[in-house]
*Asks:* 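Structure below; questions to follow.
Just so you know, ligand 1 is whichever comes first in the structure, and atom 1 is the first atom listed for that ligand. Note that the structure is a prediction, hence the values are computed from the model and not measured.
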Amino acid sequence: MCGIIGYNGKEDAIPIVIDGLKSLEYRGYDSSGIAYFWNEKIKVVKEKGRISELEKIIDKEDKPTLAIGHTRWATHGKPSRVNSHPHSVGKVTIVHNGIIENYASLKEDLISKGYKFLSETDTEVAAAMIDYLYKEEKNKLKVLEKLEEVLEGSYALLILFEDEEDMIYAIRKGSPLIVAKSEIGNLVASDIPAILDYTKDYYLLDEGEIAVVSKKDIKFYQEDKEIEKELLTFKFDAGSAKKEGFKHFMLKEIYEQPRVIKNYLDHYLNNMDLIPDLSLYEKIHIVACGSAYHAGLIGNYLFSEYGDIEASCYVASEYRYQKNFIDDKTLVILISQSGETADTIASLRLAKERGAKTLGIVNVVGSTIARESDQVIYINAGCEIAVATTKAYTLQVLTLSLCAYKLGITKGKIDNKLAKELKDAYYNLPLEIEEILKLDYKKYAVKIAKSKSAFFIGRLLDYCICEEGSLKLKEISYIHSETYPAGELKHGTISLIEKNTPVIAVITDPKIALKTISNIKETRARGAYTLILKTKDIEVSEDIYDDVIEIETLNDLVSSILTIVPLQMLAYHVADSLGYDIDKPRNLAKSVTVE
Ligand code: F6R
């Protein structure tokens with residue numbers, strides 16, 4: 001969602017902050033803005049639309065050495081210049097990620113105290129509240145500490161005080177912030193890519209901590225006392241946040257899968273002690289959102305099938321409010337690329353409150369879910385920039401697959417011979433994916449691109465993979481797409497199938513292949529364009545499909561990782577043939593930090 005960057009150093013701050021904002025564009029935004037000290041005053045420039053619109057209206061003569069910037073993804077009030085950040089009230093100027101839940105009552109209170117508001121945002125209320133507290137209590141650290149009592153919800157805030165030209169204050173609750181020293185000066189940002197051009201070392205601000213960033217140094221405070229913090233290092237290539245010649249980040253990230261999977265297997269499959277022992281639990285709940293939820297559906301299937309354990313998978317925004325039968329014999333697995341998804345965090349906290357053990361499967365190191373889970377498995381995907389996840393999803397599935405593999409071995413469901421065969425198959429995955437990436441997907445994509453809607457069908461594991469294939473297609477190509485268990489389509493939805501409606505069917509499981517094939521025939525009889533994605537062992541007669549993509553025949557535990565790749569490629573080429581902004585689909589944000 002929104003992005004934050006602040007710079008305090010010796011260079012011209014404007015290009016540094018603008019570049020930082022561009023590196024955070026992937027998070028999704030609809031307006032941007034910047035604030036800096038100029039002629040002893042704070043100057044705020046902001047605009048609706050792309051960062052290039054903001055660049056056009058910044059005075060080229062201004063050369064400040066301190067600035068804060070923001071990309072906004074609208075929550076309170078429509079995308080507009082007035083609602084964009086930064087917001088200034090009295091002596092205070094702020095940029096904000098997150099949501100102030102009690103802003104309406106605070107606003108009323110502040111209006112009664114004489115404050116006037118220009119925008120519809122919760123952020124302007126937070127700025128006014130800081131200004132008010134600062135008038136009352138002159139000590140800035142005390143004011144910021146008091147904020148925790150006053151503001152409900154989540155926030156990452158950078159704050160400028162008009163009477164202190166050389167300082168950026170930063171505070172967070174719920175939304176992440178990192179702080180970094182570099183040769184050109186000090187930086188504060190909501191996410192790693194914004195600092196990678198200057199340094200790989202950073203401090204992670206924890207809840208309730210305050211960072212005070214001057215040109216010379218960075219000081220951290222907690223409960224009025226200065227504290228020392230551990231310096232962390234971003235372990236991946238700075239290049240992993242660059243396009244490296246690919247037309248889009250999404251394509252680059254799809255092509256990165258063989259490499260990240262190989263690294264992952266070298267790390268985890270070689271050292272299975274790093275994979276938790278799930279046989280210690282009576283049941284498993286998997287909780288996540290979006291694609292991470294789809295990865296969870298696969299884990300759910302594999303746990304039951306190979307681990308013989310009661311497993312269920314839930315959408316986090318439902319899980320946190322529904323009745324859940326969990327206790328200390330339950331393991332709750334939270335899957336999240338960002339580790340900052342609001343509903344997944346809330347589910348994690350609920351699970352802990354009820355006494356369950358928690359396992360986070362997370363990409364972003366040091367994120368909230370990683371820090372608060374009892375155990376964490378890092379998927380080590382590196383930066384994922386495209387809003388539509390690909391490599392992180394695949395590694396989430398691989399992680400769940402390895403958990404099921406270990407569980408199967410521990411419970412005696414996977415014997416030594418099968419265990420060895422599977423191990424070889426896992427190690428062969430990068431090569432299999434490289435082969436699949438060589439296929440020509442454009443010829444199928446142009447057929448699908450002409451349609452208004454598409455359907456994905458499959459049974460059991462194939463259905464779970466269809467869910468992700470369908471989401472990939474709709475989120476970047478804006479073609480309406482639905483997934484159905486293949487046998488379910490005829491109970492109503494088949495009425496939507498007409499001439500040339502794409503039906504994409506996945507068949508990798510021989511025991512239910514014939515059933516799915518019958519369902520494909522039903523759609524073809526109604527004029528559908530049928531594209532079958534199947535394993536080589538499954539035979540289908542030519543008269544039931546228009547096109548077919550074949551992949552290697554592998555055990556479920558391994559094929560569940562491979563099968564998605566053609567669907568990612570298909571979605572990418574459909575969207576590309578339609579000329580869409582693939583890395584930043586409309587209305588979407590990379591990290592969903594609001595409920
Ligand atoms: C879709 C996509 C989203 C995320 C979802 C959860 O391509 O990326 O559906 O999977 O928003 O995000 P994380 O994994 O960060 O919790």
*Asks:* In this structure, are over 12 heavy atoms from other groups packed under 6.0 Å from K442 atom NZ?
*Replies:*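 Check fails, neighbour count at 12 or below.
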*Asks:* Nearest 0.5 Å please: distance from the CZ atom of R259 over to the CD atom of Q257.
*Replies:*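 Spacing of CZ (R259) from CD (Q257) equals 11.0 Å.
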*Asks:* At the 4.0 Å heavy-atom cut-off, does E340 count as touching ligand 1?
*Replies:*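 Heavy atoms of E340 never come under 4.0 Å of ligand 1.
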*Asks:* Are the ring centres of Y202 and F234 closer than 6.0 Å?
*Replies:*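 No - the distance between ring centres of Y202 and F234 does not fall below the 6.0 Å cut-off.
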*Asks:* In ligand 1, which numbered atoms sit nearer than 4.0 Å to a non-hydrogen atom of S336?
*Replies:*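 Within the 4.0 Å cut-off of S336, ligand 1 contributes 13 (P), 14 (O), 15 (O), 16 (O).
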*Asks:* Measure the distance from atom 12 (O) of ligand 1 to every protein heavy atom, then report the residue, atom name and distance (to 0.1 Å) of the closest one.
*Replies:*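 Closest protein heavy atom to atom 12 (O) of ligand 1: T341 OG1, 3.5 Å.
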*Asks:* Considering only non-hydrogen protein atoms, determine which one is nearest to atom 4 (C) of ligand 1 and report residue, atom name and distance to 0.1 Å.
*Replies:*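 Atom 4 (C) of ligand 1 sits closest to the protein heavy atom S291 N, 4.0 Å.
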*Asks:* Counting N and O atoms only, with roles assigned by atom type, does the side chain of K357 sit under 3.5 Å from a partner on the main chain of D327, one being a donor and the other an acceptor?
*Replies:*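 The answer is no, because no donor-acceptor pair under 3.5 Å joins these two groups.
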*Asks:* Using the six-membered ring wherever Trp is involved, compare the ring planes of H70 and H85 and label them parallel, tilted or perpendicular (cut-offs 30° and 60°).
*Replies:*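 Parallel, since the angle between the ring planes stays under 30°.
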*Asks:* Polar contacts were defined as any N/O atom of the residue lying under 3.5 Å from an N/O atom of the ligand; does this apply to Q337 and ligand 1?
*Replies:*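 Yes; at least one N/O pair falls below 3.5 Å.
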*Asks:* Which heavy atom of the protein is the closest neighbour of atom 6 (C) of ligand 1, given with residue, atom name and distance?
*Replies:*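 Sorting protein heavy atoms by distance from atom 6 (C) of ligand 1 puts C289 O, 3.3 Å first.
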*Asks:* How far is atom 11 (O) of ligand 1 from its nearest protein heavy atom, and which residue and atom is that?
*Replies:*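 Checked against all protein heavy atoms, atom 11 (O) of ligand 1 sits closest to V592 CG2, 4.0 Å.
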*Asks:* Answer with yes or no whether T390 contacts ligand 1, where contact means a heavy atom under 4.0 Å from a ligand atom.
*Replies:*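 Heavy atoms of T390 never come under 4.0 Å of ligand 1.
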*Asks:* Is the Y314 ring parallel, tilted or perpendicular to the Y319 ring (thresholds 30°, 60°)?
*Replies:*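 Ring orientation, 0 to 90° scale: tilted.
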*Asks:* Which atoms of ligand 1 are found less than 4.0 Å from any heavy atom of A292?
*Replies:*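 Those atoms are 10 (O), 14 (O).
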*Asks:* Which part of V387 is near ligand 1, with near meaning a heavy atom under 4.0 Å away: side chain, backbone, both or neither?
*Replies:*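 Backbone only; the side chain of V387 stays clear of ligand 1.
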*Asks:* Can you confirm if the NZ or CZ of R172 lies within 45° of the ring axis of Y155 and under 6.0 Å from the centre of its six-membered ring?
*Replies:*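 The answer is no, since R172 fails at least one limit relative to Y155.
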*Asks:* Quick check against the 3.5 Å criterion: does E209 have a side-chain atom that pairs as donor or acceptor with the backbone of D206?
*Replies:*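 A pair under 3.5 Å: yes.
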*Asks:* Quick check on contacts: which atoms of ligand 1 are under 4.0 angstrom from a heavy atom of E475?
*Replies:*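 Listed by number with element: 1 (C), 7 (O).
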*Asks:* Tell me: protein heavy atom nearest atom 15 (O) of ligand 1, and distance?
*Replies:*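 Minimum-distance protein heavy atom for atom 15 (O) of ligand 1 reads S338 OG, 2.7 Å.
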